[in-house]
Amino acid sequence: MKAVMFETFGEMPTLVTLPDPTPAAHGIVLKVEATGVCRSDWHGWKGHDPDIELPHVPGHELAGVVVAVGKDVTRWAVGDKVTVPFICSCGSCSECYAGHQQVCLHQEQPGFTHWGSFAEYVAIHRADLNLVALPDSMDFATAASLGCRFATSFRAVVDQGRVSAGQWVAVHGCGGVGLSAVMIAAAAGANVIGVDLNPAKLDLARALGAAFVIDGRHENVAEAIREITRGGANVSIDALGHTVTMTNSILCLRPRGKHIQVGLMLGDHAAPAVPMPRIVGQEIEILGSHGMQSHRYGAMLDMVASGKLDPARLVGDRISLAEAPAALVNMDRFQSVGATIITRF
């Protein structure tokens with residue numbers, strides 16, 4: 001199979017030919033029809049993830065068709081159209097038993113703990129636990145965005161933030177995760193404020209339901225949000241993962257507000273200073289949000305089917321596998337409006 005591989009952290013990946021994968025007894029092999037290029041992949045390529053062993057094939061946002069099935073798999077068959085959460089659970093630890101597979105104690109992640117989906121084929125483990133069936137009407141590029149960015153945002157807004165109609169929600173960073181959060185919070189009836197440095201992304205945030213947008217190049221973000229909301233946001237999401245966006249997110253909240261950290265804080269931002277006096281004095285909640293369980297996809301897909309959510313609007317550039325190395329390494333300098341998806345292999 002053709003695949004994108006890197007053998008050294010931080011050096012340009014290359015397009016190579018590798019042996020096709022075979023399924024584990026509990027797993028399947030998927031023919032990849034679409035896979036996203038995510039900032040998490042960039043962090044992995046930079047060497048920020050200790051799970052990655054070299055050489056490595058990245059990619060964790062994927063959708064495709066089952067082409068091989070392990071002998072112990074009972075729920076899936078060749079030809080099934082599926083996606084998978086980027087966190088694959090073990091099904092037997094205490095967190096899995098409690099329904100919290102997104103923080104499984106023995107989790108595996110395609111593109112991190114093993115080779116991922118920047119390839120024609122990818123192996124997925126424990127298929128009966130982790131695969132999610134896709135509706136026939138959903139195109140693969142849209143489905144690929146569900147596994148990480150959109151699902152992560154859904155859990156952040158709905159399950160962690162418990163956002164309700166009439167609340168003020170600030171979203172810091174309007175990339176794929178942030179724009180997903182804007183759409184989902186607006187669908188929940190919230191008044192959404194989108195923050196970014198890119199005017200084109202702010203225009204899209206407004207089109208997706210943001211009531212207000214703030215250009216972080218020209219305004220004091222936290223002060224502007226407190227003024228718009230007359231006291232601060234109820235829920236604020238750092239969808240980027242940067243010391244500045246994290247701090248702005250905390251400082252823009254009203255008393256007893258919730259800060260939700262979705263963007264990964266890695267590399268130079270792994271141990272940020274936080275405004276602890278404000279957190280304590282105003283009883284601010286600090287919550288992480290890390291993916292979403294496969295059993296929660298039904299709620300999200302129902303909202304898509306009803307027309308309340310339209311993740312297809314978040315798909316940006318569609319590129320080939322050969323274009324993926326350049327797209328990956330340039331993610332810290334340039335990101336297209338919407339999610340970049342590999343659709344040609």
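- In this structure, the side chains of Asn234 and Arg254 come closer than 4.5 Å at one or more pairs of heavy atoms.
- Checked by atom type and distance alone, the side chain of Ser145 pairs as donor or acceptor with a backbone atom of Thr142 at under 3.5 Å.
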Without placing hydrogens or testing angles, list every side-chain donor-acceptor pair under 3.5 Å for residues 86-103, not counting sequence neighbours.
{"from": "Ser89", "atom 1": "OG", "to": "Asn130", "atom 2": "OD1", "distance (Å)": "3.2"}
{"from": "Gln101", "atom 1": "OE1", "to": "His295", "atom 2": "NE2", "distance (Å)": "3.3"}
{"from": "Gln102", "atom 1": "OE1", "to": "Gln293", "atom 2": "NE2", "distance (Å)": "3.3"}

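- The distance from atom CD1 of Ile28 to atom CD1 of Ile124, rounded to the nearest 0.5 Å, is 5.5 Å.
- His172 contributes atom NE2, which lies 8.5 Å from atom CD1 of Ile193 (distance to the nearest 0.5 angstrom).
- A chain of hydrophobic side-chain contacts below 4.5 Å, direct or via other Ile, Leu, Val, Met, Phe, Trp or Tyr residues, connects Met300 to Leu208.
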I'd like a table of donor-acceptor pairs (distance under 3.5 Å, sequence neighbours excluded) in which one partner is a side-chain atom from residues 276-287, with atom names and distances.
{"from": "Arg278", "atom 1": "NH2", "to": "Leu251", "atom 2": "O", "distance (Å)": "3.2"}
{"from": "Arg278", "atom 1": "NH2", "to": "Leu253", "atom 2": "O", "distance (Å)": "3.4"}
{"from": "Glu283", "atom 1": "OE1", "to": "Arg256", "atom 2": "NH1", "distance (Å)": "2.4"}

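- Qualifying side-chain contact (heavy atoms from CB on, under 4.5 Å) partners for Thr343, counting only residues two or more places apart in sequence or in other chains: Ala34, Ala141, Arg318, Ile341.
- In this structure, Arg313 contributes its side chain and Met183 its backbone to no donor-acceptor pair below 3.5 Å.
- Following chains of ILVMFWY side-chain contacts shorter than 4.5 Å, one cannot reach Ile225 starting from Ile237, and the two form parts of different hydrophobic clusters.
- Listed by chain and number, the residues in a side-chain contact (heavy atoms from CB on, under 4.5 Å) with Ala187 are Met303, Leu309 (sequence neighbours excluded).
- Side-chain contact check for Thr229 versus Phe212: every heavy-atom pair is 4.5 Å or farther apart.
- Contact detail for Ala239 and Val177: the closest heavy-atom pair is CB-CG1, 3.8 Å.
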| query | Would Val157 and Val169 satisfy side chain to side chain contact (heavy atoms under 4.5 Å, CB included), going step by step from the backbone distance to the final call? | reply | CA-CA 9 Å; Val157 172; Val169 176; 5.7 Å; no
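- Side chain of Arg296 to main chain of Asp159: no donor-acceptor pair is present (N/O by atom type, distance under 3.5 Å, no hydrogens or angles).
- Both Phe118 and Phe345 belong to a common hydrophobic cluster when Ile, Leu, Val, Met, Phe, Trp and Tyr are linked at side-chain heavy-atom distances under 4.5 angstrom.
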| said: For Cys174 and Asn198: C-alpha separation, side-chain torsions, deciding distance, then whether side chain to side chain contact (heavy atoms under 4.5 Å, CB included) applies. | reply: CA-CA 8 Å; Cys174 291; Asn198 185 327; over 6 Å; no
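- Checked against side-chain contact (heavy atoms from CB on, under 4.5 Å), Ala68 has the following partners two or more places apart in sequence or in another chain: Pro23, Val29.
- Of all heavy-atom pairs between Met292 and Tyr297, the closest is CE-CD1, 3.8 Å.
- Between the side chain of Asn191 and the backbone N or O of Gly166 there is at least one donor-acceptor pair closer than 3.5 Å.
- To the nearest 0.5 Å, the span separating CG on Leu179 from CZ on Arg149 amounts to 10.0 Å.
- Between Val221 and Cys252, every side-chain heavy-atom pair lies at or beyond the 4.5 Å cut-off.
- Between Ile214 and Ala224, the closest heavy-atom pair is CD1-CB, 3.8 Å.
- Taking the six-membered ring for Trp and thresholds of 30 and 60 degrees, Trp42 and His48 have ring planes more than 60 degrees apart, a perpendicular arrangement.
- Judged by distance alone, the side chain of Glu7 and the main-chain N or O of Pro55 form no donor-acceptor pair under 3.5 Å.
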| request: Would you sort out whether Met246 and His269 count as a side chain to side chain contact (heavy atoms under 4.5 Å, CB included), showing the intermediate values? | output: CA-CA 10 Å; Met246 179 210 71; His269 304 280; over 6 Å; no
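- Separation of atoms NE2 (His43) and CZ (Arg39) is listed at 4.5 Å; rounding is to 0.5 Å.
- Hydrophobic clustering (ILVMFWY, side-chain heavy atoms < 4.5 Å, transitive): Met5 and Val329 are in one cluster.
- Atoms NE2 and CG, from His242 and Asn248 in turn, are 10.5 Å apart once rounded to the nearest 0.5 Å.
- The shortest distance between side-chain heavy atoms of Leu321 and Lys2 falls below 4.5 Å.
- By the 6.0 Å contact criterion, CD on Glu219 is enclosed, its count of non-hydrogen atoms from other residues, nucleotides or ligands being greater than 12.
- Nearest heavy-atom pair across Gly216 and Leu197 is C-CD2, 3.6 Å.
- Nearest heavy-atom pair, His60 versus Cys38, reported as atom, atom and distance to 0.1 Å: CE1-CB, 3.5 Å.
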| query | Step by step, would you call Val4 with Leu328 a side chain to side chain contact (heavy atoms under 4.5 Å, CB included)? | reply | CA-CA 10 Å; Val4 168; Leu328 176 64; 5.7 Å; no
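- Atom OG1 of Thr340 is separated from atom CG of Asp41 by 11.0 Å, given to the nearest 0.5 angstrom.
- For Arg344, the CZ atom counts as densely surrounded, since its 6.0 Å shell holds more than 12 non-hydrogen atoms of other residues, nucleotides or ligands.
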Which side-chain N or O atoms in residues 11-20 pair as donor and acceptor under 3.5 Å with protein atoms at least two apart or in another chain?
{"from": "Asp20", "atom 1": "OD1", "to": "Met1", "atom 2": "N", "distance (Å)": "3.0"}

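- Here the options are Phe6, Phe112, Phe9, Trp45, the test is ring-ring contact (aromatic ring centres under 6.0 Å, His included), and the partner is His56; only Phe6 passes.
- Counting all heavy atoms, side chain and backbone alike, Pro199 lies closest to Asp215 at CG-OD2, 4.5 Å.
- Of the possible donor and acceptor atoms, none in the side chain of Asp80 sits under 3.5 Å from a partner among the backbone N and O of Val66.
- No donor-acceptor pair under 3.5 Å is formed between the side chain of Asp317 and the backbone N or O of Ile319.
- Between the side chain of Lys81 and the backbone N or O of Met138 there is at least one donor-acceptor pair closer than 3.5 Å.
- Cluster annotation: Phe140 is not connected to Val32 through the hydrophobic network of ILVMFWY side chains, with a link wherever side-chain heavy atoms come within less than 4.5 Å.
- Side-chain atoms of Asp238 do not come within 3.5 Å of backbone N or O of Gly263 as any donor-acceptor pair.
- Formation of a donor-acceptor pair under 3.5 Å by the Ser294 side chain with backbone atoms of Leu129 is found in this model.
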